[in-house]
Structures are given as structure tokens and as C-alpha cells.
Amino acid sequence: LCLAFGFSQISNAQVDFGIKGGVNYNSNSIKEVSTDVFDGAESKTGYHAGLWARIKIPVIGFYVRPELVYTNLENSVRYKTSGNTTTYNFQKIDVPVLLGKKIFGVGNVFIGPSFQYILDSDFGFSDISDVKTDGFTVGLQFGGGIELGSLGIDVRWERAFSGIESSFVGTAGDVKFDTRINQIIIGLSYRL
């Protein structure tokens, strides 16, 4: 009986899908360097683009919104060995799975896990020969937005649950550091 009810609700669910893009402000993304190599990280603005779907759950009034998003993030860092400032950037794939609720017909609020995989990361220093990242982590996203017709805008905050351990080989030897991602995400979406 429960399975029949569940399948009938899924078959009645409304599904929307679309594209999205926007800007990311990344903060505190280099932490716990095992040796005193960097003098902090200054956050810069990155960008993201991807696809989303929204599956409305009829009886309880919530929706599930899975997304597939490519994200490019960048930081400015000072390398203490040379005193030079350069950028540390990385690209990742995000798969947030958000549970949301429409409010007042045009607004919505949402929360859920975000599964992330680092595709590539690098420094702009010639004496750092290689950057290795154990690229999978899970975070949390929550936020809200408004929708006017097919257009939507939302603001969310993302916090990583676990650190992403990265290491590089340079003049200081094999150095490990945490590239945990904390960011503010502003997105524009279009429903197809």
C-alpha cells in the first residue's frame, strides 16, 4: 500500500529543469598549512555554470532540486619563500541536492548537501612543480531566492563538512594544506 502511494505521488510530481550561472565569493579556502609557506589567502570572485532540475512533491508541498554545476574559484596568496603574490585557482564539479519550499508564490528557501569533486588546481609559481588534491568532499548549502516567470535569482552559503587535503612539491618539500571551500554563491537561473 505504501509503495503504491509512493509511486502514485512520484507519477503526479511536476518536473522543471533549466540552466544556471553566476558568481561565487570564496573565503578562507587555504588553511592549516603544515609549514609556514603562505601568508594567508585573499579571496577573489569566481564563477559557476550548470544545469538544474526541480521535482515537486505534491502532498507535502516541498521540492527536490538536484543540480550539476561547474565552478571555478580563485585566491590570491603570498608565497613567503619568494615574497611574490600569485593566484591559486581550482575547478570543481558540484552536485547539490537541495530540499526546498516555495513561499508567497515567488520566493523559495532551500537546504541540502553538496557533493564536490576537485577537477584541477594549480599555483602560478614556477618552483611549485605539482599540486595534488584528494578531490572529493561533502558540504552544506542553504539559501533563498525569488522567481519571476522563467527567471530566478538566488543567494546561498556553502560550507564544507570536511577538509580537502592538498599538497604540493616545491622548494619547501612536500607541503600539505587544507583547501576547504566556504563561499557565498549568487546565481541566476532560467527555466526551460
Side-chain angles (χ1 to χ4, degrees), residues 1-27 29 43-75 89-121 133-164 179-192:
L1 196 59
C2 289
L3 284 174
F5 178 74
F7 284 126
S8 71
Q9 293 306 308
I10 290 171
S11 66
N12 291 331
Q14 294 177 327
V15 178
D16 294 323
F17 60 93
I19 56 175
K20 65 173 293 186
V23 295
N24 303 37
Y25 179 74
N26 182 29
S27 64
S29 63
S43 300
K44 292 191 169 187
T45 303
Y47 62 89
H48 68 274
L51 305 169
W52 60 270
R54 181 173 52 213
I55 304 153
K56 296 176 186 171
I57 306 168
V59 171
I60 60 175
F62 287 91
Y63 63 82
V64 176
R65 181 173 167 151
E67 300 178 353
L68 179 63
V69 181
Y70 169 82
T71 302
N72 184 45
L73 297 171
E74 187 174 292
N75 283 326
N89 60 43
F90 51 99
Q91 297 82 42
K92 64 186 182 108
I93 295 291
D94 291 318
V95 182
V97 181
L98 306 169
L99 179 65
K101 173 83 173 146
K102 286 274 223 178
I103 52 174
F104 306 120
V106 295
N108 57 64
V109 293
F110 45 81
I111 188 168
S114 177
F115 305 95
Q116 304 157 358
Y117 183 76
I118 302 292
L119 297 171
D120 191 24
S121 59
T133 303
D134 71 350
F136 183 76
T137 188
V138 178
L140 175 72
Q141 287 188 4
F142 69 87
I146 58 169
E147 291 181 11
L148 302 170
S150 293
L151 289 177
I153 187 166
D154 64 55
V155 177
R156 37 182 104 169
W157 180 72
E158 179 180 277
R159 170 75 170 115
F161 286 148
S162 59
I164 302 171
T179 53
R180 188 175 315 227
I181 298 163
N182 299 304
Q183 60 183 337
I184 304 286
I185 304 165
I186 301 172
L188 182 65
S189 62
Y190 182 74
R191 188 175 66 240
L192 300 172

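The structure displayed is predicted, hence computed values, not measured ones. If you read the sequence from its start, that first residue is 1, and numbering goes on from there.
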Out of curiosity, [X] [atom1] to [Y] [atom2], how far, rounded to the nearest 0.5 Å?
| X | Y | atom1 | atom2 | answer |
| --- | --- | --- | --- | --- |
| Y117 | K92 | OH | NZ | 13.5 Å |
| I19 | R191 | CD1 | CZ | 13.0 Å |
| R159 | L140 | CZ | CG | 10.0 Å |
| L99 | I57 | CG | CD1 | 6.5 Å |
| N108 | I103 | CG | CD1 | 7.0 Å |

Measuring only between side-chain heavy atoms, which start at C-beta, is I93 closer than 4.5 Å to V69?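 No, their side chains stay 4.5 Å or more apart.
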Q141 and side-chain contact (heavy atoms from CB on, under 4.5 Å): which partner among V97, I111, L98?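 Filter result, single survivor: L98.
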Nearest non-hydrogen partners of [X] and [Y], listed with the distance:
| X | Y | answer |
| --- | --- | --- |
| H48 | T71 | CB-OG1, 3.7 Å |
| S114 | E158 | OG-OE1, 3.6 Å |
| W52 | S189 | NE1-CB, 3.6 Å |

Quick one: do F17 and L192 satisfy side chain to side chain contact (heavy atoms under 4.5 Å, CB included)? Show the steps, please. CA-CA 6 Å; F17 60 93; L192 300 172; 4.0 Å; yes
Apply the test side chain to side chain contact (heavy atoms under 4.5 Å, CB included) to residues V155 and I185: give CA-CA distance (whole Å), side-chain angles for both, the deciding distance (0.1 Å), then the verdict. CA-CA 6 Å; V155 177; I185 304 165; over 6 Å; no
Is it true that the NZ or CZ of K56 lies under 6.0 Å from the centre of Y63's six-membered ring and within 45 degrees of the ring axis?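 Not flagged: K56 not positioned over aromatic ring of Y63.
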Electrostatic pair E67-R65, nearest N-O below 4.0 angstrom: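 Salt bridge flag = yes for R65 with E67.
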Using the six-membered ring wherever Trp is involved, compare the ring planes of Y47 and Y70 and label them parallel, tilted or perpendicular (cut-offs 30° and 60°).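 Because their plane-to-plane angle lies in the 30° to 60° range, the rings of Y47 and Y70 count as tilted.
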Tell me whether the count of non-hydrogen atoms from other residues, nucleotides or ligands lying under 6.0 Å of CZ in F115 goes above 12.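 Count over threshold, so yes.
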